[in-house]
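Each remark here refers to the structure printed beneath this line.
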There are 2 protein chains.
Amino acid sequence: MTKLHIVDDDEAIRDALGWLFQSRNVPVAGWPSAEAFLEAWQPDTAGCLLLDIRMEGMSGLELFDRLLSRGCRMPVIFLTGHGDVPIAVGALKKGARDFVEKPFNDNELVDRVIDALAFDAEQREREAGQAGLAARLATLTQRERQVMELVVAGRLNKVIADELGISMRTVEVHRSHVFEKMQVKTAVELTRLLTGAS
Amino acid sequence: MTKLHIVDDDEAIRDALGWLFQSRNVPVAGWPSAEAFLEAWQPDTAGCLLLDIRMEGMSGLELFDRLLSRGCRMPVIFLTGHGDVPIAVGALKKGARDFVEKPFNDNELVDRVIDALAFDAEQREREAGQAGLAARLATLTQRERQVMELVVAGRLNKVIADELGISMRTVEVHRSHVFEKMQVKTAVELTRLLTGAS
DNA sequence: GCGGCTATTGTGGATATCCGCAGAGTCGGC
DNA sequence: GCCGACTCTGCGGATATCCACAATAGCCGC
């Protein structure tokens with residue numbers, strides 16, 4: 001389920017943030033440590049992360065690194081009481097969405113979280129489309145993939161036949177199999193699919 | 001000409017940085033104030049910017065804002081002696097490439113500047129391609145644009161004819177004019193052009 | 001070995017696309 | 001009024017694409 005995941009080892013802060021967000025109708029889950037969240041995290045965990053930097057055990061930054069290396073692309077907002085420019089710069093350059101110092105403005109933080117949640121939702125939608133595409137691509141045979149690449153490159157069947165050293169008829173067969181498996185009717189549609197157009 | 005533009009009101013620092021970069025074969029231009037650079041800036045000014053935050057008159061941040069609003073997309077690296085997290089975060093979120101506190105590591109800074117210069121060069125190359133594309137698009141008539149959109153959407157000529165309420169032959173004529181003006185031979189190539197594929 | 005998947009090719013015909021040749025109507029500028 | 005552009009259309013033919021029917025062959029698993 002899409003929600004805001006608050007990772008902070010200070011229960012009082014988790015509670016306060018939980019109250020703040022729930023009062024704005026933002027669903028929240030609290031985690032008492034980076035380790036706890038990391039263990040529970042799954043590739044399909046959705047929403048966004050509000051991460052304290054300084055914690056007992058694993059720091060927020062380290063959690064961020066580990067999540068990145070596991071392919072997590074959830075938006076992350078860091079929350080810190082002891083600002084440090086190089087840390088903030090490093091986190092943002094690694095892809096963190098924001099870096100907020102305490103004390104923070106409630107409304108601003110809520111807005112940023114809501115933006116981040118919306119961003120994550122959109123991103124997951126895009127990725128779902130890509131996953132379907134990847135699944136269809138996986139059903140193609142080697143030869144079909146080769147033909148598809150040349151079709152998408154704009155080559156005519158006769159040219160493809162020539163380049164692959166096979167007859168035009170065979171190219172036509174592969175081509176139609178590709179169209180069928182990729183669920184398109186024309187080369188243009190196929191090109192749009194693969195180049196990620198609207 | 002592509003070069004590193006150093007904007008700092010402290011002549012000693014400009015000189016020191018100038019020496020550093022020229023010794024690494026990075027061409028440099030120094031500017032004593034944000035105003036001076038802003039006045040000299042042109043849309044075709046290439047390279048990257050090394051920008052001091054605190055200066056007499058216009059600050060580095062304000063220069064950055066003004067450049068952005070003028071459509072400047074040169075990579076900007078901020079240099080500051082008095083770090084401040086919200087400022088750094090704000091600058092990076094607005095699109096600054098980096099935010100470095102003094103004292104800095106010479107080699108690291110040089111590397112980042114070289115990366116930024118390379119990025120700018122690539123970006124300009126991409127934009128040059130886009131400009132050529134835009135120029136060709138501008139030569140199309142209204143009708144040709146309509147037909148092109150439908151072609152790129154994957155419609156067959158007969159369908160296009162139907163949707164526009166004209167004969168197939170006319171669609172063919174427009175279609176071939178589009179291909180000619182856009183300098184492509186097939187609908188697939190045209191689609192790749194417009195969707196920005198390799 | 002048989003069945004299924006993949007790759008290959010052919011024939012022949014229905015559609016679609018590409019193009020030259022020809023002509024016609026509108027609209028705006030010189 | 002003439003010229004140039006844009007738009008529209010038809011005819012016919014050369015190519016290309018789409019497809020059903022039909023067949024051969026290698027590879028793999030049961």
(message) We want to know whether A:R24 and A:N107 form a side-chain donor-acceptor pair, criterion being a heavy-atom distance below 3.5 angstrom.
(response)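 Checked: A:R24/A:N107 side chains pair up, N/O donor to acceptor below 3.5 Å.
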(message) Reading DNA chain C from 5' onward, which residue's closest nucleotide shows up sooner: B:N157 or A:L164?
(response)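 Nearer the 5' end of the strand: A:L164.
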Whole angstroms only, please: what is the [atom1]-[atom2] distance between [X] and [N]?
| X | N | atom1 | atom2 | value |
| --- | --- | --- | --- | --- |
| B:R145 | D:dT7 | CZ | C1' | 15 Å |
| B:D162 | D:dT9 | CG | P | 12 Å |
| A:Q146 | C:dT6 | CD | C1' | 13 Å |
| B:I160 | C:dT15 | CD1 | P | 19 Å |
| B:M168 | D:dT7 | CE | P | 19 Å |
| B:R155 | C:dA16 | CZ | P | 16 Å |
| B:M148 | D:dT7 | CE | C1' | 18 Å |
| B:Q142 | D:dC8 | CD | P | 11 Å |

Given [N], is OP1 or OP2 found less than 4.0 Å from the side-chain N or O atoms of [X]?
| X | N | answer |
| --- | --- | --- |
| B:H177 | D:dT7 | no |
| B:R169 | D:dC11 | no |
| B:T141 | D:dT7 | yes |
| B:K158 | C:dT15 | no |
| B:T170 | D:dT9 | yes |
| B:K185 | D:dT15 | no |
| A:H174 | C:dT6 | no |

(request) Tell me what B:K181 touches on the nucleic acid: a base, only sugar-phosphate, or nothing, going by heavy atoms under 4.0 Å. (result)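 Answer is sugar-phosphate: B:K181 comes under 4.0 Å of backbone atoms only.
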(message) What verdict does the salt bridge (Lys or Arg N to Asp or Glu O under 4.0 Å) test give for A:R145 and A:E149, after you've listed the backbone C-alpha separation in whole Å, the side-chain angles of each residue and the deciding distance to 0.1 Å?
(response) CA-CA 6 Å; A:R145 241 185 296 281; A:E149 280 170 24; over 6 Å; no
(message) Against A:I6, only a single residue in A:L17, A:L79, A:D52 fulfils side-chain contact (heavy atoms from CB on, under 4.5 Å); can you say which?
(response)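 Result: among A:L17, A:L79, A:D52, A:L17 is the only option passing the side-chain contact (heavy atoms from CB on, under 4.5 Å) with A:I6.
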(request) For B:E172 and for B:R143, locate the closest nucleotide of DNA chain D by heavy-atom distance; then report the residue assigned to the nucleotide nearer the 5' terminus. (result)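 By nearest-heavy-atom nucleotide position, the 5'-most residue is B:R143.
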(message) Is there, by distance only and without an angle test, a donor paired with an acceptor across the side chain of B:E144 and the base of D:dC6 below 3.5 Å?
(response)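 No, no donor-acceptor pair under 3.5 Å.
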(request) Determine the minimum heavy-atom distance between B:R124 and B:G47, stating which atoms define it. (result)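 Nearest heavy atoms, B:R124 then B:G47: NE-N, 4.4 Å.
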(message) Nearest to the side chain of A:R175, heavy atoms from C-beta on, is which of D:dT9, D:dC6, D:dC18?
(response)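 Looking only at heavy atoms from C-beta outward on A:R175, the closest nucleotide is D:dC18.
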(request) Just grab all the ring-ring contact (aromatic ring centres under 6.0 Å, His included) pairs involving residues 52-76 of chain B, residues at least two apart or on different chains. (result)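 Of all non-adjacent pairs touching residues 52-76 of chain B, those that pass ring-ring contact (aromatic ring centres under 6.0 Å, His included) are B:F64-B:F78.
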